[in-house]
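For reference, the structure is listed below as structure tokens.
Reminder, nothing fancy here: chain letters follow the sequence lines and each chain counts from 1.
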There are 2 protein chains.
Amino acid sequence: MPTIKDVAKLSGISRSTVSRVINNHPYVNDEKRMRVKQAMKELGYVPNSSAQRLRGSKTKTIAVLISRIVNPFFSGLVDAMDEVATEAGFQLILCNTRGSKERELNYLDLLRTKQVDGVVLASIENPWTTIQPYLAYGPIVSCNEYTDQSDIPSFRINHFQATYEAVTHFINSGYSNIAICTGDETIGSNLGVDREKGYLKALSDHHMTPNEAWFFKNTSSVLDGRKVLERIEAMSNRPNAIYTGSDEVAMGIIAQSKQSAIRVPSDLAVIGFDDQQLAGLITPGLTTIRQPILEMGQRTMHHMIRILTNQTKMDGNTHLLLSELIVRDTS
Amino acid sequence: MPTIKDVAKLSGISRSTVSRVINNHPYVNDEKRMRVKQAMKELGYVPNSSAQRLRGSKTKTIAVLISRIVNPFFSGLVDAMDEVATEAGFQLILCNTRGSKERELNYLDLLRTKQVDGVVLASIENPWTTIQPYLAYGPIVSCNEYTDQSDIPSFRINHFQATYEAVTHFINSGYSNIAICTGDETIGSNLGVDREKGYLKALSDHHMTPNEAWFFKNTSSVLDGRKVLERIEAMSNRPNAIYTGSDEVAMGIIAQSKQSAIRVPSDLAVIGFDDQQLAGLITPGLTTIRQPILEMGQRTMHHMIRILTNQTKMDGNTHLLLSELIVRDTS
DNA sequence: TTGTACGCGTTATCAG
DNA sequence: CTGATAACGCGTACAA
């Protein structure tokens with residue numbers, strides 16, 4: 001590989017000036033600039049990014065932490081972020097934590113070891129007290145997830161309100177026995193808590209009391225959904241509506257219902273979460289809560305880049321985006 | 001940030017020995033090793049990767065080129081690769097080419113500028129003659145896609161054969177008027193060509209002749225599928241089976257059929273491609289060709305890492321994996 | 001077994 | 001406007 005030295009030699013001009021040409025500095029004689037460019041082309045010169053990083057301590061790289069890329073919610077988010085980052089000349093390192101605290105910390109170490117300029121947290125596994133110290137090494141922005149004590153920018157919808165609206169929709173549609181599925185309990189996350197509160201508030205606002213037997217915990221996959229339906233089938237006192245908090249779980253319930261006596265939505269109404277593509281494709285069409293994934297990803301990455309380019313500073317602001325209840329056939 | 005110098009100073013030991021400890025060299029006095037480790041812990045020292053890269057010209061980073069991360073096929077592939085790479089201590093840079101030749105070349109430049117040690121091509125936009133020169137800068141391995149002239153390792157299924165089997169399945173099931181959808185025509189890709197050949201071979205082997213009107217080109221999305229069904233509906237001479245080459249297109253066809261007089265599968269049998277999760281969830285269940293995505297991703301990344309760690313050398317071998325026709329209700 | 005000294009490729013500083 | 005030089009942090013030949 002040719003280096004800046006080779007270019008200097010070939011063009012008969014000093015390294016410094018070559019460097020200036022590379023970085024588009026003013027105050028370079030036009031004729032020399034030409035000679036340098038010519039030499040660069042001739043040698044197929046390209047700056048060594050490791051050296052640039054070492055020298056300038058900027059990597060033009062951002063780490064995006066998600067729990068699992070195969071989840072359409074996350075891949076959509078990453079897609080949106082990638083577009084904005086690429087546009088601004090940044091690279092993305094994919095950090096699949098797979099729900100592991102340890103992996104999350106390993107990825108946060110990318111910030112400490114100067115391998116990335118910033119970190120976007122789209123999932124959070126560790127308690128904030130564990131993550132907070134990493135702020136000393138660079139900016140961290142969160143998206144979707146958040147924690148109470150956090151002092152970082154955050155972009156997300158209001159899960160409490162979204163759930164409240166969904167459950168209220170059930171109630172207004174005449175359903176009175178409403179069950180809820182909650183996802184995996186994660187230490188660092190508040191989303192599940194918010195949703196549960198929204199559910200309970202909607203019930204109490206309409207003078208209903210929750211039924212402990214209708215709380216299905218740790219449900220997040222299609223298979224979990226299938227199991228939920230089986231458990232409901234075995235009950236004597238069955239719910240007639242269920243807030244699943246996940247399109248996958250909702251799909252599992254619907255798929256399983258076709259092998260059972262329970263009919264969706266006549267015996268059991270269902271509301272999912274995310275409005276994944278399949279929600280509108282299946283029969284019956286799945287009523288679900290749509291998150292503005294594209295906007296969330298774009299705005300998060302945009303904000304991160306503004307921080308990295310010193311156009312704005314870190315703060316603890318929460319940026320709330322709007323969710324939308326998409327009513328189809330299952331409710 | 002503390003450097004190796006600080007560790008040396010604190011422990012009263014030379015930089016070289018500290019470096020030896022970091023890199024687990026033999027010939028280091030146990031007592032000193034301890035002292036160094038102690039000092040590292042005390043200072044929270046962590047090696048600066050940019051310096052390591054500059055010095056050693058290894059980045060421990062691999063670029064994965066795909067066309068779009070939101071495609072479940074690609075996110076599954078990336079997930080599998082990520083697992084293997086992480087395990088081996090490598091990072092993945094996500095390269096969403098979005099079907100752009102220019103972006104693909106920009107990403108290949110990561111290899112030239114020493115920002116990554118190797119490149120995995122899971123999608124190919126440019127002709128091989130354009131890509132080939134990059135081999136001078138580091139190893140390139142392909143996965144799923146391939147090109148005739150290529151001299152790089154490749155992991156994929158046999159698309160000709162998979163299609164041949166699917167179409168033969170149609171024929172053996174009594175369908176005689178078989179249509180085909182082909183994806184976006186990409187310059188660097190042979191998959192579409194292979195599939196079309198498989199389709200034609202299956203027909204001719206059973207003394208059938210293709211009908212030009214039943215070739216639906218450039219179809220790759222759910223929406224494209226919907227349009228295909230509309231076009232079929234408008235035909236006087238309709239096919240009674242269709243090979244879609246894509247679960248998305250198949251889903252579009254099925255969804256649209258519910259708003260038309262055409263019934264799936266009685267009026268129109270459908271076969272998809274990939275066996276995405278939704279294929280088994282919808283009604284009717286989608287017959288589709290399953291690719292071993294997990295295995296493909298794992299083996300590709302495993303091979304790349306073996307090359308990067310000098311356990312094996314670059315070659316032009318093709319590693320064929322087995323696909324499987326999953327017969328459900330639509331055929 | 002340990003330390004000295006050099007170089008990896010860039011860029012910023014400073015003197016001219 | 002330009003060039004010499006130092007410095008970024010690390011690894012390793014070489015000498016001891």
Fill in: Side-chain H-bond candidate by donor/acceptor type, B:S100 with B:E102, under 3.5 Å
no

Item to complete: Walk along DNA chain C from 5' to 3' and tell me the first and last nucleotide with an atom closer than 4.0 Å to a non-hydrogen atom of chain B.
Response: C:dT1 to C:dG9

Practice prompt. Please answer whether the main-chain N or O of B:N126 pairs with a side-chain N or O of B:E104 as donor and acceptor at a distance below 3.5 Å.
Written response: yes

Practice prompt. Looking at every strand, decide which applies to B:V7 at a 4.0 Å heavy-atom threshold: base, sugar-phosphate, or nothing.
Written response: nothing

Worksheet item: Would one find a side-chain N or O of B:T3 under 4.0 angstrom from OP1 or OP2 of D:dG9?
Response: no

Practice prompt. Whole angstrom is fine here: how far is it from CZ in A:R53 over to C1' in D:dC10?
Written response: 16 Å

Worksheet item: Salt bridge between B:R68 and A:D79, side-chain N to carboxylate O under 4.0 Å?
Response: yes

Practice prompt. Summarise protein proximity over nucleotides 11-16 of chain D in one line of letters, 5' to 3': B for base, S for sugar-phosphate only, - for none, counting protein heavy atoms closer than 4.0 Å.
Written response: BBB---

Discussion item. Judged by each residue's nearest nucleotide on DNA chain C, which is more toward the 5′ side, B:A51 or B:N29?
Written reply: B:N29

Discussion item. Any side-chain N or O of A:K5 below 4.0 angstrom from OP1/OP2 of D:dA4?
Written reply: no

Worksheet, complete the sentence: Residue pairs passing the side chain to side chain donor-acceptor pair (under 3.5 Å) test with at least one member in residues 292-304 of chain B, sequence neighbours excluded, are none

Item to complete: Could you tell me which non-hydrogen atom of A:P47 sits nearest to which non-hydrogen atom of A:Q52, and how far apart they are?
Response: CB-NE2, 3.6 Å

Worksheet item: Within the side chain of B:S142, is there an N or O that forms a donor-acceptor pair under 3.5 Å with the backbone of B:L121?
Response: no

